[in-house]
Asker: 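I'd like to ask some things about the structure below.
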Amino acid sequence: MRRISALKAGALAALGLVLGLGAPARAEVVFLSTQLRPIESAQKMRSEILKEFPGGAEFVTEQPPQLGVHIRAEQEGGKHVSSLIGALHGELQPLVGTGSLLPLDDLVATLGDRQINPGMLEAGKLGTKNQMFIPWMQATYIMAANKQALPFLPEGADINALTYDQLAQWGANIQAKTGKRMLGFPAGPTGLMHRFFEGYLYPSYTGGVVTTFRSPEAVAMWTKFRELWKTVNPNSTNYGFMQEPLLSGDVWIAFDHVARLIDALSRKPDEFVAFPAPSGPKGLGYMPVVAGLAIAKGAPQAEEAKKLIAYLTRPDVQVKTAKAVAFFPVAKVDLPADLDPGLKLELDAVQKMTSAKNALVSLLPVGLDQRGGEFDKVYVDTFQRIVLRGEDPKAALDRQVEALRRIITETKAPCWLPDKPSEGPCPIN
């Protein structure tokens, strides 16, 4: 207990040094964000995006694991500094459980003209009946391809409405003609392959992520993906950012986060195309990485924070944000003619993907507290067992489900989209 008290005291003392607790009231809104932390991005946020906000805002960045500690330390110490909070959906979720956020139902009622994505607004309720955050900006994962690959598309295939079967055939066609495996995935140690499984493959084939983990549909999915992998460049297990092998020509077709494809598309926009992820039997599963804006309970500048949310969701500011830091709008906007060509390729692909009739939103994992990494590992380990080592899919899933069940049970994490809401821990069928 003494150690816990000491840690809390230390956190409060650090906050006092960094943020000036006990100092005179601030005129500017203190905007605490886990997003746009890199120096260049943070500087653009301050000098380009926030500079025209009346009254001013102080943009302060924080590491995601420390967000809850930071906010709770302010509130427990009775020294409220941060008013506006910018963070991902899953980072804001724990703050609801601790009563650290103000409901924003009155504010969202005034933002109808923004035409913010309805699914994202629903996600902003964080499992409650109230609007707990307003969507701010988004990123996601898409496909990109060298134009050299286009002649090998399966007959009748629409690149903007591919299926996973057609993607597999596309890779096989290229391999048959060139002798090379030219599909690529970010399956290396620093890659985001786990998001492909959680946000794309599982939803597209099973309609869920947790509840359907070892379903018959999952067995069929892994069987098919193992076949597809035969056309994937074996160096994919080393890739972290797919823009690099795309630029080098090691792969012609790749899946990755938009921020990890943008360099290739911006440097050589005439040589590449960007397009939505494929669809499976249950639809086009995709994972929107939604950053939201919330207001801290006890915020010293709550009304000004609401005005800042209204400012940041204006269509012109949404476009300015996209141009400055390559995060996409959540509101309906008209893209300017002078947009970076690589960013425009990505935006066009994202808009086609999110507006597809069979689009199926899969949120980032929520409610796992500090055990998100263990959750991700379950899916990566399953991939390695079945696809890389050739284990029987059903047997591998039966083994891996125990690790998944333990994480869900111990964290008491309820289901998140695309799984249906649950009372208590998300069940695994």
Side-chain angles (χ1 to χ4, degrees), residues 4-5 7-23 25-26 28-37 57-108 120-137 289-310 312-313 363-372 411-414 416:
I4 294 174
S5 298
L7 287 171
K8 286 185 176 179
L12 287 169
L15 282 170
L17 289 172
V18 174
L19 297 176
L21 299 183
R26 296 172 182 269
E28 295 185 333
V29 177
V30 174
F31 181 0
L32 182 67
S33 177
T34 63
Q35 302 303 293
L36 309 180
R37 297 191 312 275
E58 182 179 351
F59 187 68
V60 180
T61 62
E62 180 61 279
Q63 294 291 331
Q66 296 303 312
L67 178 64
V69 175
H70 191 135
I71 295 299
R72 286 193 294 271
E74 286 190 16
Q75 294 178 340
E76 291 175 8
K79 299 290 186 180
H80 301 282
V81 176
S82 304
S83 290
L84 186 62
I85 302 170
L88 298 180
H89 173 278
E91 296 162 0
L92 292 168
Q93 180 79 51
L95 298 180
V96 174
T98 57
S100 300
L101 302 180
L102 287 179
L104 300 175
D105 302 271
D106 58 337
L107 176 60
V108 75
M120 293 181 188
L121 280 174
E122 182 63 28
K125 294 181 180 179
L126 293 173
T128 73
K129 296 180 180 179
N130 302 106
Q131 195 72 41
M132 303 308 294
F133 75 75
I134 305 296
W136 169 25
M137 57 186 186
V289 181
V290 181
L293 297 166
I295 296 179
K297 190 173 183 179
Q301 298 278 2
E303 291 305 312
E304 285 301 304
K306 290 180 180 180
K307 293 178 182 178
L308 182 51
I309 291 176
L312 289 168
T313 55
L363 297 179
L364 283 161
V366 295
L368 299 176
D369 200 15
Q370 302 299 313
R371 300 186 68 179
T411 60
K412 298 180 173 61
W416 59 88

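Just the heavy atoms: all of them, side chains too, but no hydrogens, waters or symmetry mates, feed the values below. As the structure is a prediction and not an experimental result, all values here were calculated from the model.
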Asker: Locate the shortest heavy-atom distance separating Leu101 from Ala294; write the atom from each residue and the value.
Answerer: CD2-CB, 3.8 Å
Asker: Kindly give the heavy-atom pair with the smallest separation between Ala413 and Gly367, and that separation in Å.
Answerer: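 Between these two residues, the closest heavy atoms are CB-O, 3.5 Å.
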Asker: By side chain to side chain donor-acceptor pair (under 3.5 Å), which residues pair with Thr128, not counting sequence neighbours?
Answerer: none
Asker: Salt bridge (charged side-chain N to carboxylate O under 4.0 Å, His left out) with Lys297: which residues, sequence neighbours excluded?
Answerer: none
Asker: Is the closest side-chain donor-acceptor distance between Ser82 and Glu74 under 3.5 Å?
Answerer: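 Judged by distance alone, the side chains do pair up.
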Asker: What is the minimum heavy-atom distance between Glu91 and Leu67, and which atoms define it?
Answerer: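 Looking at all heavy atoms of both residues, the closest pair is O-CD2, 4.0 Å.
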Asker: Rounded to the nearest 0.5 Å, what separates atom CD1 in Ile295 from atom CG in Leu104?
Answerer: 5.0 Å
Asker: State, with a plain yes or no, whether a side-chain heavy atom of Leu84 is found less than 4.5 Å away from one of Trp136.
Answerer: no
Asker: If I take atom CD from residue Glu303 and atom CG from residue Leu107, how far apart are they, to the nearest 0.5 angstrom?
Answerer: 9.5 Å
Asker: Which atoms form the tightest heavy-atom contact between Pro135 and Leu121, and what is the distance?
Answerer: CD-CD2, 3.7 Å
Asker: Looking only at heavy atoms, what is the nearest atom pair of Ser33 and Phe59, with distance?
Answerer: CB-CE1, 3.4 Å
Asker: Might you work through the side-chain contact (heavy atoms from CB on, under 4.5 Å) test for Val289 and Leu364, ending with a clear yes or no?
Answerer: CA-CA 7 Å; Val289 181; Leu364 283 161; 4.0 Å; yes
Asker: Just do the side-chain contact (heavy atoms from CB on, under 4.5 Å) check on Thr98 and Ile71 with the steps written out, would you?
Answerer: CA-CA 10 Å; Thr98 57; Ile71 295 299; over 6 Å; no
Asker: Determine yes or no for a side-chain-to-main-chain donor-acceptor pair under 3.5 angstrom, with Thr34 supplying the side chain and Pro64 the backbone.
Answerer: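 Pair absent, no side-chain N/O of Thr34 close to backbone of Pro64.
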Asker: Taking the side chain as C-beta and beyond, is there a heavy-atom pair between Leu126 and His89 under 4.5 Å?
Answerer: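 In short, these two side chains touch, coming nearer than 4.5 Å.
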Asker: Could you tell me the separation between the CD atom of Gln131 and the CG atom of Leu102, rounded to the nearest 0.5 Å?
Answerer: 13.5 Å
Asker: Got Lys306 and Asp106 here, is their nearest side-chain heavy-atom distance under 4.5 Å?
Answerer: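 Lys306 reaches Asp106 side chain to side chain.
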Asker: Kindly give the heavy-atom pair with the smallest separation between Pro103 and Asn130, and that separation in Å.
Answerer: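 That would be CB-CB, 4.0 Å.
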Asker: What's the spacing between His70 NE2 and Gln75 CD if we round to 0.5 Å?
Answerer: 10.5 Å
Asker: Can you tell me how far apart CE (Met137) and CG (Leu293) are? Round to the nearest 0.5 Å.
Answerer: 8.0 Å
Asker: CG/Leu363 to CE/Met120 distance, rounded to the nearest 0.5 angstrom?
Answerer: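 One finds 9.5 Å between CG of Leu363 and CE of Met120.
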